[in-house]
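Reminder, nothing fancy here: chain letters follow the sequence lines and each chain counts from 1. None of the values given here were measured: they were computed from a predicted structure.
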4 protein chains.
Amino acid sequence: MTTRKNSGATATPAKRQRATSSGSASERRDHLVKLAAELFARKGFQATTVREIADEAGILSGSLYHHFDSKETIVDEVLSTFLDDLIARYRAALESGGEPRAVLSEMVRIGFGTLEPHRAAITVMQNDWNYLRQFERFNYLVKAEDEVEQMWVAQIKAGQAAGQFRGDVDPKLTYRMIRDTIWVAVRWFRPGGRLNTTGLAEHYITVLFDGLATGERTTQKA
Amino acid sequence: MTTRKNSGATATPAKRQRATSSGSASERRDHLVKLAAELFARKGFQATTVREIADEAGILSGSLYHHFDSKETIVDEVLSTFLDDLIARYRAALESGGEPRAVLSEMVRIGFGTLEPHRAAITVMQNDWNYLRQFERFNYLVKAEDEVEQMWVAQIKAGQAAGQFRGDVDPKLTYRMIRDTIWVAVRWFRPGGRLNTTGLAEHYITVLFDGLATGERTTQKA
Amino acid sequence: MTTRKNSGATATPAKRQRATSSGSASERRDHLVKLAAELFARKGFQATTVREIADEAGILSGSLYHHFDSKETIVDEVLSTFLDDLIARYRAALESGGEPRAVLSEMVRIGFGTLEPHRAAITVMQNDWNYLRQFERFNYLVKAEDEVEQMWVAQIKAGQAAGQFRGDVDPKLTYRMIRDTIWVAVRWFRPGGRLNTTGLAEHYITVLFDGLATGERTTQKA
Amino acid sequence: MTTRKNSGATATPAKRQRATSSGSASERRDHLVKLAAELFARKGFQATTVREIADEAGILSGSLYHHFDSKETIVDEVLSTFLDDLIARYRAALESGGEPRAVLSEMVRIGFGTLEPHRAAITVMQNDWNYLRQFERFNYLVKAEDEVEQMWVAQIKAGQAAGQFRGDVDPKLTYRMIRDTIWVAVRWFRPGGRLNTTGLAEHYITVLFDGLATGERTTQKA
DNA sequence: CATGAATGAGCTTTCATTCAT
DNA sequence: TATGAATGAAAGCTCATTCAT
């Protein structure tokens, strides 16, 4: 199960490459990806030079090309690793088969839960997506996004059908607002602040389901 | 009223320069800024070359430097024009002196209302902010952001004090979530779709104040 | 009598242009040349932009081209004005018909005497000659230099023949050393210092004729 | 012993960089510096493009930046190499501890002796000094110049105190005249002419110490 | 005479990538 | 695997000069 458009049942091309390499080579590669991800997050993909990545790793820029065949391959690995993990978690939540409101809450928690382990990847996706999407090789990102959208929208619709969610809101629009609110938090969220990501998730779930207002509701709920 | 750090009571340096020029010169300059903004939004600031901007205007790249002294000056004008307008609108809403919930609703409407007229500027701010902030000249963006944050947070706190808003949410966190939800919509919002920006605003206001859930509230409201 | 290669009996092209203009136009032109000369001296010919010259004059760079048809025309006028004056003074000294030593002393005084009124031009000649000589239009400078050399060498040889100067020195070499010593002083000479140009000249004449040493001479004088 | 302002007891940064490279890398770099120096001398620093330097070396202009981080770094190496050598030679002459007149003669010989091996560097220093000194990085040139001046002036004063040199000349002024006379000769001196640099030096020493005149001295010597 | 917009050629520098060693 | 030299394409910017108004 992968997010790559051109991957079969086994793994992404990058992963296959990793598999055929020796264990330590794979670790070296993963380490390089991690270093690069940090730089991409901090400075942006375009503003990060391969030389900076190589410097960080203590090698020369040309040497990076023994591990990756291009700068885009590196960021590809950053993003697909994140998306593979995210989708896997969502699937697990869905397979639990709970009621819509509980599942949706769990999906919100999953989203905020990726903020720390995948901070760099999410940052890159937020900032550089607009640039990266112009390259054919990243088409798979759109497909992954579509798959995720379907998961969310299905749950929202199920919740409306079950009378748990108000019927006068647009499911797709609502999904987008939830999604954006979660990911964009990567811009200002820093571990060690007042709230951890669990607290953030609960805070958001509260407002999301019950609203900011006290007293009577403005609009009739279906 | 300006967002520039080094501007006095009159106008931003750029604006003053524009004012001293003849009317047509100012129009030419504004036209170039508009063309550049579209390109920045579509391709990103770094990926947009000055040659592309010049091509779009039907002149040579060097000729752009008759109007602006750097590529950064152009994007600066794009962003500060947007921020000046936004802050002016927020101020007007605050000066109306309504009750917090009404003011906050109006501020949400203002936010969504900038999505169309300032689509390009907002897109640039979303995508290239991380890159641009490293340059000293864009420090004023941070200051403008702070000013806006204070406006929002003050209203949220006033609403809590007045018993209109639940007291168990963090004002700053709530502001950030509202803010992000509005601006990030620029990524997928296209005029002519199912909802216009007014509809979007009302949709969001509904969810924001009254929540997604029907029936009893999960958490006690203060 | 002019230093331009392509000038007839009347005047240099630049001068002719000046003559046909109205009096005030000529003054304006001279003023611009003076401003430019200062900048050329301070920053070097190449490093001085026409825009800087225009700024100094309070006009736009394009407007300079109503007065001169190129940047080189301006520096040409700076240099030829100096050379015309210098050669005229040398001629006057030669025409006085004094004995070689007296004439040579006078020529040294004339040289140092140009340091103040022609400071900028001499500086340009010292610093930018190497660059300017590659343009055909400045060939006349070489001719002027040759004419000056002949004047000096003739006096030195006459002094040797008359037994005033030692015969074991090379006239051409000696001329070059005297010439260089004078002009290069423009690099460090500043009016208002310990010595004025008259003092400088006398100092140099002393060393030149009588040497730095006291007591017996090292070498036999002819 | 170095002329760089920011160098300690070991070597200039450039030199250290060179030292850590392999032997052939250092040779390549030195070769490039030599090619560049010739071009700088012939056309001037500003008028020489990096493309021309690269062409001369048979590589592309961008490839130069594998060896140097800017055009200024190249000319820096040209000039500091010369100054390091010059100052080392002067120091050796001073350490011999001879009487002032002998030392001064030796210093004159050293000066003329650099005309051939350092022709390009001296030419650049003569022509482009005025331009280069505006950059902070070349401040060390001024310091080197000061150090040299002190060496000369000390010898002249010692010679006056010992009664070898006339007391009615200004030591600093005399130094400048000697210095300029030597270096400026690079403009017309060409190896293979009537006199080699040794001959030149002896010619100048003769005139300098004993003067051009025969017979009685014009001015009383101290 | 001056302006202001534009040209066109060229500049230094950057950078992802290649490849022989 | 890594190095180090080089490529090649392009980038942002400069500047002398032109010209219609």
Side-chain angles (χ1 to χ4, degrees), chain A residues 21-22 24-25 28-29 32 45-54 57-74, chain B residues 21-22 24-26 28-29 32 45-54 57-74, chain C residues 21-22 24-25 28-29 32 45-54 57-74, chain D residues 21-22 24-25 28-29 32 46-54 57-74:
Chain A
S21 304
S22 78
S24 78
R28 182 94 176 102
R29 185 186 168 94
L32 292 172
F45 175 72
Q46 293 170 89
T48 302
T49 68
V50 296
R51 207 172 143 184
E52 285 169 330
I53 301 171
I59 58 178
L60 290 181
S61 64
S63 308
L64 270 181
Y65 288 79
H66 286 286
H67 301 278
F68 310 95
D69 40 78
S70 76
K71 192 182 165 189
E72 270 134 35
T73 298
I74 306 179
Chain B
S21 303
S22 79
S24 76
S26 169
R28 183 85 178 112
R29 186 186 167 94
L32 293 172
F45 174 73
Q46 294 170 89
T48 302
T49 69
V50 295
R51 275 181 177 89
E52 285 169 331
I53 301 171
I59 58 178
L60 290 179
S61 68
S63 306
L64 271 181
Y65 289 80
H66 181 65
H67 301 278
F68 309 96
D69 37 75
S70 73
K71 193 182 162 189
E72 270 146 35
T73 298
I74 306 179
Chain C
S21 304
S22 77
S24 80
R28 182 96 176 101
R29 185 186 168 93
L32 292 172
F45 174 72
Q46 294 169 89
T48 302
T49 68
V50 295
R51 206 171 144 184
E52 285 169 329
I53 301 171
I59 59 177
L60 290 180
S61 64
S63 307
L64 269 181
Y65 288 79
H66 287 285
H67 301 277
F68 310 96
D69 39 79
S70 77
K71 192 181 165 189
E72 270 134 34
T73 298
I74 306 179
Chain D
S21 303
S22 78
S24 76
R28 182 85 177 112
R29 186 185 167 97
L32 293 171
Q46 294 170 88
T48 301
T49 70
V50 295
R51 270 195 250 274
E52 285 169 331
I53 301 172
I59 58 177
L60 290 178
S61 68
S63 306
L64 271 181
Y65 289 80
H66 182 65
H67 301 278
F68 310 96
D69 36 76
S70 74
K71 193 181 162 189
E72 268 145 36
T73 298
I74 306 179

For this session: Determine to 10° how strongly the helix from dA2(E)-dT21(F) to dT21(E)-dA2(F) is bent, judged from the axes of its five-pair ends.
Result: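 Inter-axis angle at the termini of the helix from dA2(E)-dT21(F) to dT21(E)-dA2(F): 10°.
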
Problem set entry | Residue mapping more 5' on DNA chain E - nearest nucleotide basis, Gly58(B) or Leu60(C) |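 Looking at the nearest nucleotide for each, Leu60(C) comes out on the 5' side.
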
Seminar exercise, completed: Quick tally for nucleotides 13-20 of chain E: nucleotides whose base has a protein heavy atom under 4.0 Å get B, sugar-phosphate-only ones S, the rest -, giving BBSSBB--

Exercise. If every non-hydrogen atom of His67(A) is compared with every non-hydrogen atom of Arg28(A), which pair is closest and at what distance?
Worked result: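 Distance-wise, the nearest heavy atoms are CE1-CG, 3.8 Å.
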
For this session: Kindly give the heavy-atom pair with the smallest separation between Gln46(A) and Ala47(B), and that separation in Å.
Result: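 For Gln46(A) versus Ala47(B), the nearest heavy atoms are OE1-CB, 3.2 Å.
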
Nearest 0.5 angstrom please: [X] [atom1] to [Y] [atom2], how far?
X        : Y        : atom1 : atom2 : result
Phe45(B) : Glu72(B) : CZ    : CD    : 5.0 Å
Ile53(C) : Arg51(C) : CD1   : CZ    : 13.0 Å
Leu64(D) : Lys71(D) : CG    : NZ    : 11.5 Å
Tyr65(C) : Thr73(C) : OH    : OG1   : 9.0 Å

Exercise. Can you name the residues that form a salt bridge (charged side-chain N to carboxylate O under 4.0 Å, His left out) with Glu52(D), not counting sequence neighbours?
Worked result: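 Expected list: Lys43(D).
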
Between [atom2] of [N] and [atom1] of [X], the distance in whole Å:
X        : N       : atom1 : atom2 : result
Leu64(D) : dG4(F)  : CG    : C1'   : 15 Å
Phe68(B) : dG12(F) : CZ    : C1'   : 15 Å
Leu32(B) : dA5(E)  : CG    : C1'   : 11 Å
Ile74(D) : dT12(E) : CD1   : C1'   : 11 Å

Problem set entry | Set of residues satisfying side chain to side chain donor-acceptor pair (under 3.5 Å) with respect to Ser63(D), sequence neighbours excluded |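 With neighbours one apart ignored, the set is empty.
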
Problem set entry | 5′-ward residue of the pair Glu52(B)/Ile59(D) relative to DNA chain F |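 The 5'-side residue here is Ile59(D).
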
Exercise. Does the side chain of His67(D) get closer than 4.0 angstrom to OP1 or OP2 of dA6(F) through an N or O atom?
Worked result: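 Answer is yes, contact under 4.0 Å.
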
Exercise. Taking the side chain of Arg28(B) as heavy atoms from C-beta outward, which of dT7(E), dA6(F), dA5(E) is closest to it?
Worked result: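 Nearest to the side-chain atoms of Arg28(B), counting from C-beta on, is dA5(E).
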
